[in-house]
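These notes are about the structure you will find just below.
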Amino acid sequence: MIQVRERYMERVLLEILHRSRGERLYRTFPQVMVLLSGWSAGPDSTRLILETLREKRVVPHLWTDRRSFPDGSPEPIRCIEGDEGEWLEEAKDSFDFLLLPAPSYSLLSRVIDLDDSHPFVALILWALFSGKPVGVLNTAVDPYHRSWKRAGMDRGSPLLKRELRKKRDALRGYGVSLLEPDEVGEWIQTANSAGKRLVTEEDIRAAASEDGKGVLTVSRQALITPLAADRAEEYGVRIEKR
């Protein structure tokens, strides 16, 4: 009965926090839009990422800029159809994180040149200017990465490699996070927790680890519900305010 009452109080606090701003009620599961483009848009390049997202209880939304897309992805993949401007406006309100597992070279160049004629680029630039987290896999943009050698793609000229490295560094300068595949889950969890104003029991459960050494990073202004504090002690989760 006590837990039911505490869950109810969490719900009331959430409604109070968001009612005045007219925002949607806080969602337990982060929404991640995954943009697939060019030759790298095949399902094999994103399978590991999707598995990681599912383990972290993250909701992925996959979009491609190609009408012809190979089947076999574990998640439904949608293609932009109809009015691109309308799609862009709807997309802005549909995600918390923007992830590009392996963007095409042309897409990278357009982002760096601020060429928003492509809807994906327009969305990426909007996210960066709006402060929404944008991530790119480092394996896709670093020609010196060990994965390129394993794939037999490390034989390019030094100039070609340097030019791609420059694009990678420019992305980082724009505020894009360069991630290893096994860092995606932690990136989402850390950024999602840091921006919250209310820490609930579900946040603690998501941060809990089998070894009892989980860490949840939140903003200094975050409020921690009594039930969340109890669960943190029970699961051995350390809450860090920054």
Side-chain angles (χ1 to χ4, degrees), residues 24 27-111 115-142 145 147 151 168 171 174-192 195 206:
R24 292 168 296 176
R27 296 164 299 187
T28 300
F29 306 112
Q31 309 291 308
V32 178
M33 180 173 285
V34 182
L35 302 182
L36 310 171
S37 64
W39 66 269
S40 60
D44 289 341
S45 65
T46 61
R47 185 166 288 109
L48 176 60
I49 299 302
L50 294 178
E51 291 175 356
T52 300
L53 295 180
R54 284 196 297 272
E55 290 175 359
K56 294 293 183 180
R57 298 192 301 175
V58 171
V59 180
H61 302 280
L62 277 61
W63 286 89
T64 178
D65 57 357
R66 298 191 299 173
R67 294 186 181 277
S68 176
F69 194 86
D71 195 11
S73 171
E75 302 289 341
I77 301 175
R78 290 175 287 181
C79 179
I80 301 176
E81 296 180 346
D83 188 286
E84 294 181 351
E86 183 177 337
W87 173 86
L88 179 61
E89 290 306 313
E90 292 180 356
K92 290 178 179 179
D93 195 42
S94 65
F95 69 92
D96 303 306
F97 298 83
L98 200 57
L99 180 63
L100 291 80
S104 63
Y105 302 139
S106 60
L107 191 71
L108 290 177
S109 296
R110 285 180 169 181
V111 171
D115 177 6
D116 62 356
S117 59
H118 189 291
F120 278 7
V121 178
L123 184 62
I124 293 168
L125 293 175
W126 174 85
L128 291 172
F129 280 115
S130 300
K132 287 200 173 187
V134 179
V136 172
L137 289 192
N138 191 42
T139 54
V141 293
D142 185 0
H145 196 279
S147 61
R168 185 202 67 162
L171 286 176
Y174 283 4
V176 175
S177 297
L178 302 178
L179 309 164
E180 295 298 321
D182 58 358
E183 294 176 339
V184 173
E186 182 180 355
W187 170 66
I188 292 173
Q189 181 175 315
T190 300
N192 190 52

Would you give the length of the straight line joining atom [atom1] of [X] to atom [atom2] of [Y], rounded to the nearest 0.5 angstrom?
{"X": "Leu62", "Y": "Thr64", "atom1": "CG", "atom2": "OG1", "result": "9.0 Å"}
{"X": "Asp83", "Y": "Glu89", "atom1": "CG", "atom2": "CD", "result": "10.0 Å"}
{"X": "Leu171", "Y": "Ser177", "atom1": "CG", "atom2": "OG", "result": "11.0 Å"}
{"X": "Met33", "Y": "Phe97", "atom1": "CE", "atom2": "CZ", "result": "13.5 Å"}

Let me have the donor-acceptor pairs involving side chains of residues 119-126, under 3.5 Å, with sequence neighbours excluded, atom names and distances please.
from   : atom 1 : to     : atom 2 : distance (Å)
Trp126 : NE1    : Ser130 : OG     : 3.4

Worksheet entry | Glu183: salt bridge (Lys or Arg N to Asp or Glu O under 4.0 Å) partners, not counting sequence neighbours |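 Per chain and number, Glu183 pairs via salt bridge (Lys or Arg N to Asp or Glu O under 4.0 Å) with no residue.
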
Item to complete: Flag yes if more than 12 heavy atoms outside Glu180 fall under 6.0 Å of its CD atom; otherwise flag no.
Response: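 Yes, CD of Glu180 has more than 12 neighbouring heavy atoms, counting only those of other groups under 6.0 Å.
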
Fill in: For Arg110, side-chain hydrogen bond (donor to acceptor under 3.5 Å, both in side chains) partners two or more places apart
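Checked Arg110 against side-chain hydrogen bond (donor to acceptor under 3.5 Å, both in side chains); zero matches.
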
Can you check whether [X] reaches [Y] side chain to side chain, under 4.5 Å on heavy atoms?
{"X": "Lys132", "Y": "Lys92", "value": "no"}
{"X": "Val34", "Y": "Ile77", "value": "no"}
{"X": "His61", "Y": "Arg78", "value": "yes"}

For residues [X] and [Y], report the shortest heavy-atom separation together with the two atoms involved.
{"X": "Ser37", "Y": "Pro103", "value": "OG-CA, 3.5 Å"}
{"X": "Ala140", "Y": "Pro101", "value": "CB-O, 3.7 Å"}
{"X": "Trp187", "Y": "Pro133", "value": "CZ2-CB, 3.6 Å"}

Item to complete: Would you please test Arg168 and Asn138 for side-chain contact (heavy atoms from CB on, under 4.5 Å) and show each step?
Response: CA-CA 8 Å; Arg168 185 202 67 162; Asn138 191 42; 3.4 Å; yes

Worksheet item: Is there a side-chain contact (heavy atoms from CB on, under 4.5 Å) between Leu35 and Leu107 once you walk through the steps?
Response: CA-CA 11 Å; Leu35 302 182; Leu107 191 71; 5.7 Å; no

